[in-house]
Amino acid sequence: MRRLVLLAAAALLAGCHRAPTRTNEVVSTASREISTDASSSIWDAAPEHLANLLPQDLVDPRILKPTTAEVRVRSVHNGGEIAFRLEWIDRTNDDMPGPARFLDGCAVQIPRGIEPNPPDPRMGQGGRPVEIAFWRADWQAAVNGRKDTIQAIYPNAAVDHYPFQAKSLEGTDAQKQMETRYAPARAVGNHRAGPRDSPVEDLVAEGPGTLSPAGARQSRGKGARTNDGWAVVIARKLPEGLGPNKRTQIAFAVWEGSSKETGARKMRTGWIPLAVRAAR
Amino acid sequence: MARVYNWQLGREMSYWYPESRPKRQFAAVFDTNKCIACQTCTLACKTTWTSGKGQEYMLWNNVETKPYGSYPLAYDVKLLDMLDSGSWSGNKYEGRTIFESAPAGERVMGWRPEQQDYAYPNCGEDDCAGQVDGGAGMMSLPHMSWFFYLARICNHCTYPACLASCPRGSIYKRPEDGIVLVDQGRCRGYQECVRGCPYKKVFFNPMTNTSEKCIACYPKIEQGIQPQCFVNCIGKIRMAGWISKPEDAKPDNPIDSLVHIKKIALPLFPQYGLEPNVYYIPPIHVPLSFSRQLFGPGAAAAVQAYRNAKNDADLAALLCLFGSSEKLMPRWKRIGDDVYGLDEKGATLVRVPRNEPVFIRPAYDKLYQITRTNCP
């Protein structure tokens, strides 16, 4: 009998754990603090928007079968920065790059200009850019401490010798220069090519195929595995003209690495209204 | 999709972009009959371009034994299996190319090798087709049991599938020489090009998250020098140069002569529709059905012409130019028994005798009263 009472009490307490308030739009509530920790208490009071994801089947190359069904979004802001917590179900942790290996990731897209009619949700349009903050699982692993070596990806890889490891070059600038020369994308300053010091990349686009690095870094973030998927926080500077009691549009995308999703092969939303609330 | 003309198919075909040929097109001829698979070309390329982190598995140049060798594993048979391979009517291809076979949502019909597919670069090495239990049957042509070596680099195609596949336009074909390059600043590593290239000559670098490929040693080409894998070839099987469209073929252009005039050098898997610009002199000892699948309908005539080279002074002379100079030889001429490699203005870069003088040294040296053995 005593056990039964305890069980009933536990069930009651569990029931008391407040289900999140669901909203039809993304509502960003004011918070004194912004944290990129997905388990921080700042997210507890924020309402949640359940964004249904659609296959990107408009522009080639596309995916024709849906994978990740939905992403749960919460948002907070502090007047200077706005943060989004994205959570989705993904049973596999895809954070190892390689041939035919693809990475889990997510992105937040906001029009650069705050206007009543947003640009094309398919990554903006000519003269009407969108700003995109893109998080990827392998960059998170790098920031979390994964080494910048082939053995970090393939533990049993055996390498006889890299030319820049010649004894005569040890510890010299010439060695660093030579190592960079043998990593062409790094040598030409491709931000994507690593080594990464942030799991989030800032991008701008004016339509499909036009994605380019943003001029300056304005986003930060952090992702962590949950019991059934990912929880990723992306925080960025409040877009110009957006503030308390203002509205704009927002879109999300999720890549499922084990479904070979990359680039245009992704699950995405259309525009969703984003309302920024003032502090009470 | 645009309509473009592919002379290797003898017809128009669909391609993602309109036809836009470069001012001149880098091209090469490889003589499969002379290759011994020493892999010197492979190493010359490897040590020059792909010694960095993330490039360990890359072979921009490789030499595989046919019929069983392939790198990455089964790159050829997998696509041939997928392709609705139609027949040739004379020199016209009546099947569908990989562009015309693209399924919904794709720009080309392709596939992505798995990581393990790159783990066996010497798979099938020196394995011959058929059993040799009853003797290899080497006394007649084609051989009953056979294999040959196929050296491969990027084909710097006129209609590259890698370029068509890239949704970002990160791959471009240089207007000055037709060399196909991946812009390492723009590439975002989607691997669409790896999927699209039927020859699997684009490789993903997991350390830089970009795709990389053979660059035809363009810094050397710009100085009028042939690429590393050409000048290091000890079998002298390769010649680099420039190819014209068939209707513009120039008899004093060695590549035009071999491809368009003598017709002994053929593209690899022309049926894919890329108009590849590395041309192969097919092996003379291999069953014709196999050569036709690899090199198209011209295989029989090419083998015949090659076997008749001893009676064709010009062809024999041209074949002597292979590996005779590290310089690109855009022009050539023959005077008597000598063949000349020329520069654009007609100045001599190299002179090669068609028949090397032969000296026979007697086994017994009377002067020193000693019998010479076959050693230096």
Side-chain angles (χ1 to χ4, degrees), chain A residues 55-57 59-65 96-103 134 136 138-139 148-154 157-164 178-196 201 203 208-213 260-265, chain B residues 1 16 46-58 72 102-108 110-119 164-170 181-196 200 202-213 215:
Chain A
Q56 192 297 104
D57 57 0
V59 181
D60 284 341
R62 42 188 114 183
I63 54 170
L64 304 176
K65 284 186 187 158
M96 285 286 190
R101 275 209 299 219
F102 297 93
L103 295 316
F134 176 50
R136 219 171 68 172
D138 60 323
W139 297 341
D148 186 37
T149 65
I150 196 74
Q151 286 81 8
I153 305 173
Y154 301 99
V159 178
D160 297 334
H161 176 70
Y162 295 115
F164 41 83
M178 193 174 179
E179 184 168 356
T180 306
R181 271 206 305 280
Y182 276 98
R186 291 181 184 180
V188 297
N190 186 335
H191 292 285
R192 199 177 176 86
R196 299 289 307 185
E201 185 184 24
L203 300 153
T210 65
L211 201 60
S212 308
K260 311 272 186 207
E261 289 175 4
T262 181
R265 299 178 199 267
Chain B
M1 288 253 196
W16 192 256
K46 186 83 196 145
T47 51
T48 306
W49 297 116
T50 57
S51 295
K53 289 183 192 170
Q55 299 177 317
E56 296 83 355
Y57 81 103
M58 291 184 197
E106 307 291 345
R107 292 183 176 189
V108 305
W111 66 284
R112 262 193 207 95
E114 294 297 326
Q115 296 181 91
Q116 304 90 301
D117 293 334
Y118 292 101
S165 302
C166 180
R168 292 180 48 70
S170 301
L181 298 176
V182 180
D183 181 340
Q184 290 298 312
R186 186 163 172 76
C187 176
R188 289 180 63 80
Y190 298 156
Q191 303 185 43
E192 296 293 346
C193 50
V194 180
R195 186 182 177 283
K200 299 302 166 216
V202 194
F203 299 87
F204 178 71
N205 183 328
M207 299 302 293
T208 62
N209 282 285
T210 55
S211 294
E212 300 175 4
K213 65 178 285 300
I215 59 172

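Just so it is clear: chains get the letters A, B, ... in the order the sequence lines come, proteins before strands, and each one is counted from 1. Heavy-atom basis, side chains included; hydrogens, waters and symmetry copies ignored.
In this structure the side chain of A:Phe102 reaches within 4.5 angstrom of the side chain of B:Arg112, judged on heavy atoms. Inter-residue side-chain proximity for A:Arg192 and B:Thr208 is flagged as unmet; no heavy-atom pair is nearer than 4.5 Å. A heavy-atom distance below 4.5 Å is found between the side chains of B:Glu56 and A:Val159.
The two residues A:Thr262 and B:Gly189 have their closest heavy-atom pair at OG1-O, 4.4 Å. Pairing each heavy atom of B:Gln55 with each of A:Pro184, the nearest pair is NE2-CD, 4.0 Å. Nearest heavy-atom pair, A:Pro61 versus B:Glu106, reported as atom, atom and distance to 0.1 Å: CB-OE1, 4.2 Å. The nearest pair of heavy atoms linking A:Gly98 to B:Pro206 is CA-CB, 4.0 Å. A:Pro99 and B:Tyr57 get closest at one heavy-atom pair: CG-OH, 3.5 Å. Between B:Cys187 and A:Asn190, the shortest heavy-atom distance links the atoms O-ND2, 3.0 Å.
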Go through the steps for A:Arg196 and B:Asn209 under the test side-chain hydrogen bond (donor to acceptor under 3.5 Å, both in side chains), then give the verdict. CA-CA 11 Å; A:Arg196 299 289 307 185; B:Asn209 282 285; over 6 Å; no
Going through the distances and angles, do B:Lys53 and A:Ile150 end up as a side chain to side chain contact (heavy atoms under 4.5 Å, CB included)? CA-CA 6 Å; B:Lys53 289 183 192 170; A:Ile150 196 74; 5.6 Å; no
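Remark: B:Glu114 does not engage A:Arg101 in a salt bridge, criterion side-chain N to carboxylate O under 4.0 Å. Using a cut-off of 4.0 Å between Lys/Arg side-chain N and Asp/Glu carboxylate O, B:Glu192 and A:Arg265 are scored as salt-bridged.
Neither the backbone nor the side chain of B:Ser170 comes within contact range of chain A, judged by heavy atoms closer than 4.5 Å. For B:Pro113, the part lying near chain A is the backbone, with the side chain staying farther off; criterion is any non-hydrogen pair under 4.5 Å. Contact annotation for B:Ala104: both backbone and side-chain heavy atoms come within less than 4.5 Å of a heavy atom of chain A. For B:Ser51, the parts lying near chain A are the backbone and the side chain together; criterion is any non-hydrogen pair under 4.5 Å. With a threshold of 4.5 angstrom between heavy atoms, B:Gln115 approaches chain A through its backbone and through its side chain. With a 4.5 Å cut-off on non-hydrogen atoms, A:Ile63 does not touch chain B at all. There is no contact between B:Phe203 and chain A, counting heavy-atom distances below 4.5 Å. Heavy atoms of A:Gln56 lying under 4.5 Å from chain B are absent altogether. If you measure heavy-atom distances from B:Trp16 to chain A, the contacts under 4.5 Å come from the side chain alone. In this structure, chain A has heavy atoms under 4.5 Å from both the backbone and the side chain of B:Arg186.
Separating the CZ atom in B:Arg188 from the OG atom in A:Ser212 is a distance of 8.5 Å, to the nearest 0.5 Å.
Of all the listed residues (A:Arg186, A:Met96, A:Met178), the one sharing the greatest number of non-hydrogen pairs under 4.5 Å with chain B is A:Arg186. Among A:Asp57, A:Asp160, A:Asp148, A:Thr210, the residue making the largest number of heavy-atom pairs under 4.5 Å with chain B is A:Asp148. Across A:Gly194, A:Pro208, A:Pro163, the residue that shares the most heavy-atom pairs under 4.5 angstrom with chain B is A:Pro163.
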